[in-house]
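Written below as structure tokens is the structure these notes are about.
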There are 2 protein chains.
Amino acid sequence: MDMGDRKDEILALADQLVKSVGYGAFSYADLSEKLGITKASIHHHFPHKEDLGAALCDSYAERMKRGFEKAEAAPGAAWSKLERHFEQGSALVADHAKNCPLAALQAQVNTLPEPMKERLKRLDELELGFFARILAAGRDKGELSFRGAPEAQAALMLSAYKGAMAFARVHGCRFFKDTMAQMKAMVGT
Amino acid sequence: MDMGDRKDEILALADQLVKSVGYGAFSYADLSEKLGITKASIHHHFPHKEDLGAALCDSYAERMKRGFEKAEAAPGAAWSKLERHFEQGSALVADHAKNCPLAALQAQVNTLPEPMKERLKRLDELELGFFARILAAGRDKGELSFRGAPEAQAALMLSAYKGAMAFARVHGCRFFKDTMAQMKAMVGT
DNA sequence: GTCTATAAATGGATAGAC
DNA sequence: GTCTATCCATTTATAGAC
């Protein structure tokens, strides 16, 4: 029943807002109202918005590392691991047309402070590496079929995944499901 | 030596800014400085920012319709038509990490005024329809190979295309070229 | 750690002269 | 069609009391 650190509460809300409207479009006033504390209090925890953004990226990094380690250690077919990843996207779009936070940051990369750009690049690399490893192992076991390097296939599949989410925010969940089904047919399972 | 309509000048600059930072992140002050006229003058042409955004969408619609008609009427293989489309993305990323304007608007859809959301949806449909028709014709002629409905394949390929651009803004042009090469291998040409 | 109060800058927008 | 001048709300941020 612990409400957790204030800092974590702020980060959790910022996470929701990034997924909903992106980094540039939420303010300390938004956080203040929804948390029931003043803007000044939030500045106490994160003096500059950039500090909040960087901390948020760091929290994404930790969460992703844990999630990927767990997924790779677990038993199960390669495709089912990728599918579990894709289900997160499905849930985001279904939840008031939210977006993948990394995709949201990519879209605003030209307005992001430098420390966030660097972090974003590493976050993308984490996700791309995870996919490449799953794909390589899946092809080795004959579970998946694709041409070229696993890294290239990872880039293609993640690009399609994020792109499909972006479309689905405008055109509805159905778009995401149909497009991911088409991707599944492509990878040959 | 005609400087063209002021209105068109404003729209052309707004287009550049949307591709660079998105709709929410540029201001009348940005336009004012770069055009050398005051904010009030811009408000004369577009009273509300929303009017400017909607007019910009309308200009996209016209440009796209003309481009698609021309591409479909022209001779040449299906893949080469798609490839010409993809080259626009390549040029955007190479030009200071610009983004596809439709993708930029998709990313900010939850902050867009309603008239822009509706227009965005129709713009996406224009592009999806174009791709679906090219793909259907290409498969009929045996130039392209894919499973399922042309509409589903169009959604997949455009999702991958837009997603690859978004990644490339962070990771460099190379990412885009490699990912599109992987897509070409996938569609079997 | 949270508050009140406030500052300085910016963003969208309008009135009215030229 | 463009300008000056101005308005009001918002955003980021700080100082200092409790």
Side-chain angles (χ1 to χ4, degrees), chain A residues 1-18 20-57 59 104-105 107-108 110-117, chain B residues 1-18 20-57 59 104-105 107-117 119:
Chain A
M1 210 37 48
D2 187 2
M3 74 169 185
D5 259 15
R6 253 291 121 89
K7 231 164 165 166
D8 292 337
E9 270 191 309
I10 296 167
L11 284 171
L13 180 53
D15 170 47
Q16 292 303 312
L17 287 167
V18 164
S20 168
V21 299
Y23 175 77
F26 78 85
S27 67
Y28 275 46
D30 295 323
L31 300 169
S32 163
E33 285 161 26
K34 292 179 196 172
L35 289 174
I37 59 175
T38 62
K39 291 187 287 175
S41 296
I42 300 171
H43 277 286
H44 168 75
H45 296 285
F46 301 102
H48 309 276
K49 195 183 178 187
E50 182 179 324
D51 301 325
L52 172 55
L56 190 58
C57 288
S59 85
L105 295 178
Q108 309 193 325
N110 283 350
T111 67
L112 251 34
E114 205 53 47
M116 288 187 69
K117 277 193 212 181
Chain B
M1 213 30 52
D2 188 1
M3 75 170 185
D5 258 15
R6 253 291 125 89
K7 228 163 167 166
D8 291 338
E9 269 191 310
I10 296 167
L11 283 172
L13 179 54
D15 170 48
Q16 291 302 313
L17 287 166
V18 164
S20 168
V21 300
Y23 175 76
F26 78 86
S27 68
Y28 275 44
D30 295 323
L31 300 169
S32 163
E33 285 161 26
K34 292 180 196 172
L35 288 173
I37 59 176
T38 62
K39 287 193 292 174
S41 296
I42 301 171
H43 277 287
H44 169 75
H45 296 285
F46 301 101
H48 309 276
K49 195 184 178 187
E50 182 179 324
D51 302 324
L52 172 55
L56 190 58
C57 288
S59 83
L105 295 178
Q108 307 191 324
V109 69
N110 284 350
T111 68
L112 251 35
E114 204 54 47
M116 289 187 68
K117 277 193 213 182
R119 282 168 171 81

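So that the names make sense, note that chain A is the first sequence line, chain B the second, and so on, each numbered from 1.
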* Could you tell me which residues satisfy side chain to side chain donor-acceptor pair (under 3.5 Å) with S32(B), sequence neighbours excluded, listed by chain and number? => none

Let me have the donor-acceptor pairs involving side chains of residues 44-55 of chain A, under 3.5 Å, with sequence neighbours excluded, atom names and distances please.
| from | atom 1 | to | atom 2 | distance (Å) |
| --- | --- | --- | --- | --- |
| K49(A) | NZ | Y23(A) | O | 2.8 |
| K49(A) | NZ | F26(A) | O | 2.7 |
| D51(A) | OD2 | H48(A) | N | 2.9 |

* **Contact state string [nucleotides 3-18 of chain D, B base, S sugar-phosphate only, - no protein heavy atom under 4.0 Å]** => BB------BBBBB---

* Which residues satisfy the side chain to side chain donor-acceptor pair (under 3.5 Å) test with T111(B), sequence neighbours excluded? -> none

* With sequence neighbours excluded, residues passing side chain to side chain donor-acceptor pair (under 3.5 Å) with S59(B) -> none

* List for me each residue that meets side chain to side chain donor-acceptor pair (under 3.5 Å) alongside D15(B), sequence neighbours excluded, and say none if there are none. => K19(B), Y60(B)

* Asked: Taking only side-chain nitrogens and oxygens of H44(B), does any of them come within less than 4.0 Å of OP1 or OP2 of dG1(D)?
  -> yes

